[in-house]
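Below is one structure, written out as structure tokens; the observations come after it.
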There are 2 protein chains.
Amino acid sequence: MNIQKLIDKGLKLKSYPKDSVIYEPGMQPRYVYFIKSGEIRMVTVSDEGKEFIQGVFKTGQYFGEPALLINRPYLAFTIANKDSQIIAVNKEDFFELIKNEPDFSMDLIRTLSNRLFYKSMMLEELASEKADHRLLTIINYLLNDVAVGENLKVTRQELADMTGLRVETVIRGTKTLAEKGLIRTIKGKIIKV
Amino acid sequence: MNIQKLIDKGLKLKSYPKDSVIYEPGMQPRYVYFIKSGEIRMVTVSDEGKEFIQGVFKTGQYFGEPALLINRPYLAFTIANKDSQIIAVNKEDFFELIKNEPDFSMDLIRTLSNRLFYKSMMLEELASEKADHRLLTIINYLLNDVAVGENLKVTRQELADMTGLRVETVIRGTKTLAEKGLIRTIKGKIIKV
DNA sequence: TTTTTAACATGATGTAGATCATAAATTAGT
DNA sequence: ACTAATTTATGATCTACATCATGTTAAAAA
């Protein structure tokens, strides 16, 4: 989706400083959020305060549609990872977009399919595989978007929050994977090979 | 989507006897499958042979689109839970459907959103919550489609395969939940109240 | 450069749930 | 109604990972 188009339509940009919350679980969805700049994480938090990263959204991407489309309260928090600029598109405008912009409609379908693929993959991991296997799976998944020789810009804590593991387990796990030669690390950094 | 329309278009119906496999992980997707009758389960199987139920699809529903749309090999098995009749719609016809039938396009978007909602919910559970909490969550989710007074037509093994738990854990867990009054059971059957 | 803060590291111990074993109760098939 | 096959049930033990504690290294901030 072309963000500029939305701005041209007169939709206003809103700024969210790092760590500010865009929406919370339980809120009734009213908008779909398009990211002009910045980065957003979508997280659920358990009763005991454990965070799970449901997804990370970057410049040019949008989030919050599923809850709006099926008209159910949000399950997750969305929080700015960096200072971000976001356009909130209301329900009517969003439905217009789907109806009148076939390209957007197709893009949405592909986007939802991609997220579904990721979640299916992670569900299988969390349901059936043990720590090291899980770890290797997200690491490889994340390495897809990394150039050869570059390193993963993700902390062990973030890996933990994406896999449902604990930091200590991730630290020990990456060590084991590196020893087994399943990943490459340099000074702790995980490198795409 | 109206299945009859697909039949009228000359697409042929194929029969799958109970327990037969429609597709397997690793296969390149070529069709989207519309269920005329019967029931299909989508499962992933770990290296150690543990099954995880990714979803169950019934008469009138379709499955297999995400992999086709993003052009990635299947992650899961799809297996007939009962004798089933299915129409396989090829890629071109499926894209036609999306382009030319705006109702279908919207239905697809809603369907994908619903599945995403379910998977986000389960991911949070598997990542962060303990056995009994997980159990209560799918039980309540499944009870949505059940009339008051009716019981859940799902075995403990199936609950286990949806939550990543073991049968014994599910058996002990449902007992605890019933004792705490969080669910109602009659002779082991879980009743919607 | 020094100080502060965040990230990584490692050992010791505890525990939820897996695993193993065995049996009772339902349900399905004949 | 009888037998076979599932499903539910329950106890005993085992284990992967969480939890707790404490330290080191690396990266920001001052």
Side-chain angles (χ1 to χ4, degrees), chain A residues 18-19 41 45-53 81-83 125-139 142 151-180 183-191, chain B residues 18-19 41 45-53 81-83 125-139 142 151-180 183-191:
Chain A
K18 181 170 159 57
D19 295 327
R41 75 174 184 280
V45 180
S46 78
D47 317 332
E48 295 88 48
K50 196 177 173 192
E51 270 203 19
F52 176 74
I53 299 177
N81 272 345
K82 311 174 181 173
D83 292 348
E125 291 294 328
L126 297 207
S128 308
E129 307 290 358
K130 47 178 95 76
D132 287 4
H133 192 288
R134 278 194 220 179
L135 241 181
L136 185 56
T137 300
I138 8 101
I139 288 176
L142 295 175
N151 64 351
L152 255 195
K153 274 150 210 71
V154 169
T155 66
R156 312 274 137 131
Q157 184 61 60
E158 286 169 323
L159 290 174
D161 290 346
M162 295 169 116
T163 51
L165 299 170
R166 290 302 188 170
V167 216
E168 296 94 327
T169 307
V170 170
I171 289 167
R172 293 186 243 251
T174 49
K175 187 144 297 185
T176 316
L177 291 175
E179 280 165 9
K180 287 187 181 166
I183 60 174
R184 281 272 289 154
T185 62
I186 295 179
K187 283 256 204 163
K189 298 281 161 206
I190 298 163
I191 311 287
Chain B
K18 181 170 158 59
D19 295 328
R41 75 174 183 279
V45 180
S46 78
D47 316 333
E48 295 89 46
K50 196 177 173 191
E51 272 202 17
F52 176 74
I53 300 177
N81 272 345
K82 312 174 180 173
D83 293 349
E125 291 292 329
L126 298 206
S128 308
E129 307 290 357
K130 48 177 96 75
D132 286 5
H133 192 287
R134 279 194 220 179
L135 241 181
L136 185 56
T137 299
I138 8 100
I139 288 176
L142 295 174
N151 64 349
L152 256 194
K153 273 150 211 70
V154 168
T155 65
R156 313 274 136 129
Q157 183 61 61
E158 286 169 322
L159 289 174
D161 290 347
M162 295 170 115
T163 51
L165 300 170
R166 290 303 188 168
V167 215
E168 297 93 326
T169 309
V170 170
I171 288 167
R172 293 186 243 252
T174 50
K175 187 143 298 184
T176 316
L177 292 176
E179 280 164 10
K180 287 188 182 167
I183 59 172
R184 279 273 288 154
T185 62
I186 295 180
K187 282 256 202 166
K189 298 283 160 204
I190 299 162
I191 311 288

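Below, chains carry the letters A, B, ... as their sequence lines are ordered, and counting in each starts from 1.
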For the side chain of [X] and the backbone of [Y], is there at least one donor-acceptor N/O pair under 3.5 Å apart?
| X | Y | answer |
| --- | --- | --- |
| Lys50(B) | Arg166(B) | no |
| Ser128(A) | Glu125(A) | no |
| Lys82(B) | Lys18(B) | no |

Starting from the C-alpha separation in whole Å, work towards a yes-or-no answer on side chain to side chain contact (heavy atoms under 4.5 Å, CB included) for Ile139(B) and Thr174(B).
-> CA-CA 9 Å; Ile139(B) 288 176; Thr174(B) 50; 4.2 Å; yes
Quick one: are Glu129(A) and Thr137(A) in side-chain contact, heavy atoms under 4.5 Å?
-> no
Within a strict 4.5 Å, meaning less than it, do heavy atoms of the His133(A) and Asp47(B) side chains meet?
-> yes
Per-pair distances, 0.1 Å, donor-acceptor, side chain in residues 183-191 of chain B, under 3.5 Å, sequence neighbours excluded:
none

What is the distance, rounded to the nearest whole Å, between atom [atom1] of [X] and atom [atom2] of [N]?
| X | N | atom1 | atom2 | result |
| --- | --- | --- | --- | --- |
| Ile171(A) | dG11(C) | CD1 | C1' | 13 Å |
| Gln157(B) | dT6(D) | CD | C1' | 11 Å |
| Lys175(B) | dT10(D) | NZ | C1' | 8 Å |
| Asp161(A) | dA6(C) | CG | P | 16 Å |
| Asn151(A) | dC8(C) | CG | C1' | 15 Å |
| Leu135(B) | dT8(D) | CG | P | 12 Å |
| Leu177(B) | dA9(D) | CG | P | 13 Å |
| His133(A) | dA16(D) | NE2 | P | 16 Å |

Heavy-atom count around Lys153(A) NZ within 6.0 Å, excluding the residue itself: above 12?
-> yes
Stem ranges for DNA chain D, with three or more consecutive Watson-Crick or G-U pairs under 3.5 Å?
->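 In DNA chain D, stems of three or more pairs: C:1-28 with D:3-30.
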Applying side chain to side chain contact (heavy atoms under 4.5 Å, CB included) between Leu159(A) and each of Leu135(A), Thr169(A), Ile53(A), report the one that passes.
-> Leu135(A)
What one-letter contact string describes nucleotides 14-30 of chain C from 5' to 3', where B marks a base within less than 4.0 Å of any protein heavy atom, S marks contact via sugar-phosphate atoms alone, and - marks no contact?
-> ---SSBB-----SS---
